[in-house]
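Only a predicted model underlies this, so the values are computations on that prediction, with no experimental measurement involved. Quick note on labels: first sequence line is chain A, next is B, and so on, each numbered from 1.
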Protein chains: 2
Amino acid sequence: MAIHHDLTSLAHECADCPIRHRAVCARCEADELARLEQIKYYRSYQAGQTIIWSGDRMDFVASVVTGIATLTQTMEDGRRQMVGLLLPSDFVGRPGRLTAAYDVTATTDLVMCCFRKKPFEEMMASTPHIAQRLLEMTLDELDAAREWMLLLGRKTAREKIASLLSIIARRDVGLKKGPAQGSIVFDLPLTREEMADYLGLTLETVSRQISALKKDGVIELEGKRHIIVPNFDALVEQAGDDNDGGFLV
Amino acid sequence: MAIHHDLTSLAHECADCPIRHRAVCARCEADELARLEQIKYYRSYQAGQTIIWSGDRMDFVASVVTGIATLTQTMEDGRRQMVGLLLPSDFVGRPGRLTAAYDVTATTDLVMCCFRKKPFEEMMASTPHIAQRLLEMTLDELDAAREWMLLLGRKTAREKIASLLSIIARRDVGLKKGPAQGSIVFDLPLTREEMADYLGLTLETVSRQISALKKDGVIELEGKRHIIVPNFDALVEQAGDDNDGGFLV
DNA sequence: TCCTTCGCTTGATCTGCATCAAGGCCGATC
DNA sequence: GATCGGCCTTGATGCAGATCAAGCGAAGGA
């Protein structure tokens, strides 16, 4: 894995950009990369493992290399809301804050590329480029969070499910294309319960709505997790979005 | 109004910081301020006026000086979700994007301090300080958005109302203190319908829950908008938050 | 002065999703 | 191959909040 791959979220080459929807390519500046290279290290986690507990001291920032992680908030009585889904290339952690604000959990086996916070912050201070790139990424995440607020506040259960499926499909697209023209195939990286926590529903409702979408021919399932979308536009229509646009997760 | 006041959100003095919960004070750097001073201008809006429509070309970024604005998203069928509340010192607009992603509306009479985007971006490129400050503010907003996701996805109507009231109270605190020890007094800057759009409820439910909180002695009303909170902790308890902490709106 | 409008409240009813409960599928373990 | 536990589905029932509907009070305009 080349140096650039580890740092995709901070600076990557335009040529063979492996990251969709993050395609704000930065000029690769060799010395920045070299310096980042010096302060980075890798960590692996198993599926289900909690990476950071909300409130924990957090002395690194990181970017997801492979696998999927989630950010969740929990109320005292146990109600849970997922507030972020971290796919490869996504960034975790916040320069200038001591403790984590959310639980971060690996939902699949996961590899993260970590940077110790202190040196990372020092680099940021001396390298305007990085702060700007990070600002852009954060603004994208903010847009995604606000899109999600619309979903949580106003969409029906069916629309919520369709939205989630189309988001996952979009992030996966290009990797896996279905056999039939225009069809899309992917594996759900989340359990029904995790989907429920993301969508502000119960797992029973998630299950029922998936069954309903299947009955109506919007999706097909193989097993519990393998999804086939014969007609992506039909799915998007179920999601109730006015634009097909910039969902970023 | 001194120069610093106009630029509170970008750089303000620590001494008499008028802004709560944004208190990450930056060193005032005279030349930055002078340059910002050259590219800024003011705009006033009347209550109810739409400042920007989603999709409009947006050639400025701005910071709220006085008054309150909202960010809302609307679905084709008219369902609306407010995704941000802009109080004095809050920042609107995003460097590096051509069009607005949300409707921005003045809910009270409003004055904004605008910076034409092009020169602002140029300044940002040459002044690392500003990008970093903006990054910090954006991260705060992201945290607030995620806190709001928990509210939208998992809280009951009563908890939603109590949360909103305590957020408004927190941002207003210091300006108005109630007569009785520990009591807080403020005016609601939003109509019931706007509150409903923020909370993912209907205006009827908002009205009912406010009545319920009043009946239970958690709040008192004078007229429709003037709120007295005799015991702030009691209100926070109704909000169901585990920490009394960093709600930022 | 009356009339209209806007923001709000309150009541009656409906419904989408939560809750409670039972059982099926499948991979892991012995 | 039997058993267990995690994950999922499906059914029955309940309830919080939506929807539909009526009316109030204050501000503003004719």
Side-chain angles (χ1 to χ4, degrees), chain A residues 46-49 70 75 77-81 105 107-108 151-165 187-216 219-227 238 240, chain B residues 46-49 70 75 77-81 105 107-108 151-165 187-216 219-227 238 240:
Chain A
Q46 294 181 336
Q49 205 177 345
T70 62
M75 296 171 68
D77 61 7
R79 281 176 281 174
R80 285 159 51 87
Q81 176 65 48
T105 311
T107 59
T108 64
L151 177 144
L152 290 171
R154 295 301 187 193
K155 288 191 179 177
T156 65
R158 169 182 270 243
E159 288 169 337
K160 286 179 177 182
I161 298 286
S163 297
L164 179 57
L165 294 179
D187 284 308
L188 278 177
L190 303 174
T191 66
R192 301 291 188 261
E193 187 176 15
E194 285 162 344
M195 294 174 71
D197 283 343
Y198 206 167
L199 299 170
L201 298 171
T202 59
L203 69 93
E204 292 95 329
T205 299
V206 170
S207 179
R208 274 186 249 272
Q209 294 298 332
I210 288 179
S211 299
L213 286 174
K214 179 173 145 199
K215 187 159 72 65
D216 296 349
I219 61 172
E220 295 158 27
L221 308 215
E222 266 168 26
K224 316 283 190 188
R225 300 291 196 91
H226 193 70
I227 304 271
Q238 296 294 322
Chain B
Q46 295 182 333
Q49 205 177 343
T70 62
M75 296 172 67
D77 61 6
R79 280 176 282 174
R80 287 159 51 86
Q81 176 64 49
T105 311
T107 59
T108 65
L151 178 146
L152 290 171
R154 295 302 186 191
K155 287 190 180 178
T156 64
R158 168 182 270 244
E159 288 169 337
K160 287 179 176 181
I161 298 286
S163 297
L164 179 57
L165 293 180
D187 284 307
L188 279 176
L190 304 174
T191 66
R192 301 291 188 261
E193 187 175 16
E194 285 162 344
M195 294 173 70
D197 283 342
Y198 206 167
L199 298 170
L201 298 170
T202 58
L203 69 92
E204 292 96 329
T205 299
V206 170
S207 179
R208 274 187 249 272
Q209 294 298 332
I210 288 179
S211 299
L213 286 175
K214 180 174 145 197
K215 187 159 73 63
D216 296 348
I219 60 172
E220 295 158 28
L221 307 215
E222 266 168 27
K224 316 284 190 187
R225 298 291 195 91
H226 193 70
I227 304 269
Q238 296 294 321

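For A:E193 and C:dT19, the CD to P distance is 13 Å, given to the nearest whole Å. Between the CE atom of B:M195 and the C1' atom of C:dG7 there is a distance of 13 Å, rounded to whole Å. Atom pair B:R225:CZ and C:dC6:C1' shows a separation of 11 Å (rounding to whole Å applied). The interatomic distance linking B:K160 (NZ) with D:dA16 (P) rounds to 14 Å, in whole Å. Taking atom CG on B:L203 and atom C1' on D:dC20, their separation rounds to 12 Å, with Å as the unit. The separation between B:I227 atom CD1 and C:dC8 atom C1' is 13 Å, rounded to whole Å. Remark: P of D:dA26 and NE2 of B:H226 are 17 Å apart, rounded to the nearest angstrom. Here the P atom of nucleotide D:dG17 and the CG atom of A:L152 are 15 Å apart, to the nearest Å.
OP1 or OP2 of D:dT10 has not a single side-chain nitrogen or oxygen of A:S207 nearer than 4.0 Å.
Without hydrogens or angle criteria, B:S211 side chain to B:S207 main chain gives a donor-acceptor distance under 3.5 Å.
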Under 3.5 Å, N/O pairs linking protein and nucleotides 14-17 of chain C:
residue : atom : partner : partner atom : Å
C:dC17  : OP1  : A:A157  : N            : 2.9

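The only member of A:R80, A:R192, A:K160 that meets salt bridge (charged side-chain N to carboxylate O under 4.0 Å, His left out) when paired with A:D197 is A:R80.
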| task | Verify side-chain contact (heavy atoms from CB on, under 4.5 Å) between B:I210 and B:I219, making sure each step is shown before the conclusion. | result | CA-CA 8 Å; B:I210 288 179; B:I219 60 172; 4.1 Å; yes
| message | For a side-chain contact (heavy atoms from CB on, under 4.5 Å) check, start with the C-alpha distance between B:Q81 and B:L152, then their side-chain angles and the critical distance, and finish with the verdict. | response | CA-CA 10 Å; B:Q81 176 64 49; B:L152 290 171; 3.9 Å; yes
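Between A:R154 and A:L190, it is A:L190 whose nearest contact on DNA chain D lies nearer the 5' terminus.
Side-chain N/O atoms of A:E204 and base N/O atoms of C:dC20 include a donor-acceptor pair closer than 3.5 Å. Contact annotation: side chain of A:R208 to base of C:dT19, donor-acceptor pair present below 3.5 Å.
With rounding to the nearest 0.5 Å, the separation of CD1 in A:I227 from CG in A:L165 is 5.5 Å.
Contacts of A:E159 classified as salt bridge (charged side-chain N to carboxylate O under 4.0 Å, His left out), with partners at least two apart in sequence or in another chain: B:R79. Under the rule for a side-chain contact (heavy atoms from CB on, under 4.5 Å), the partners of A:T205 that lie at least two apart in sequence or sit in another chain are A:A157, A:L201, A:T202, A:Q209.
For A:K224, the side-chain atoms get nearest to D:dC8 when compared with the rest of D:dC8, C:dT9, C:dC8.
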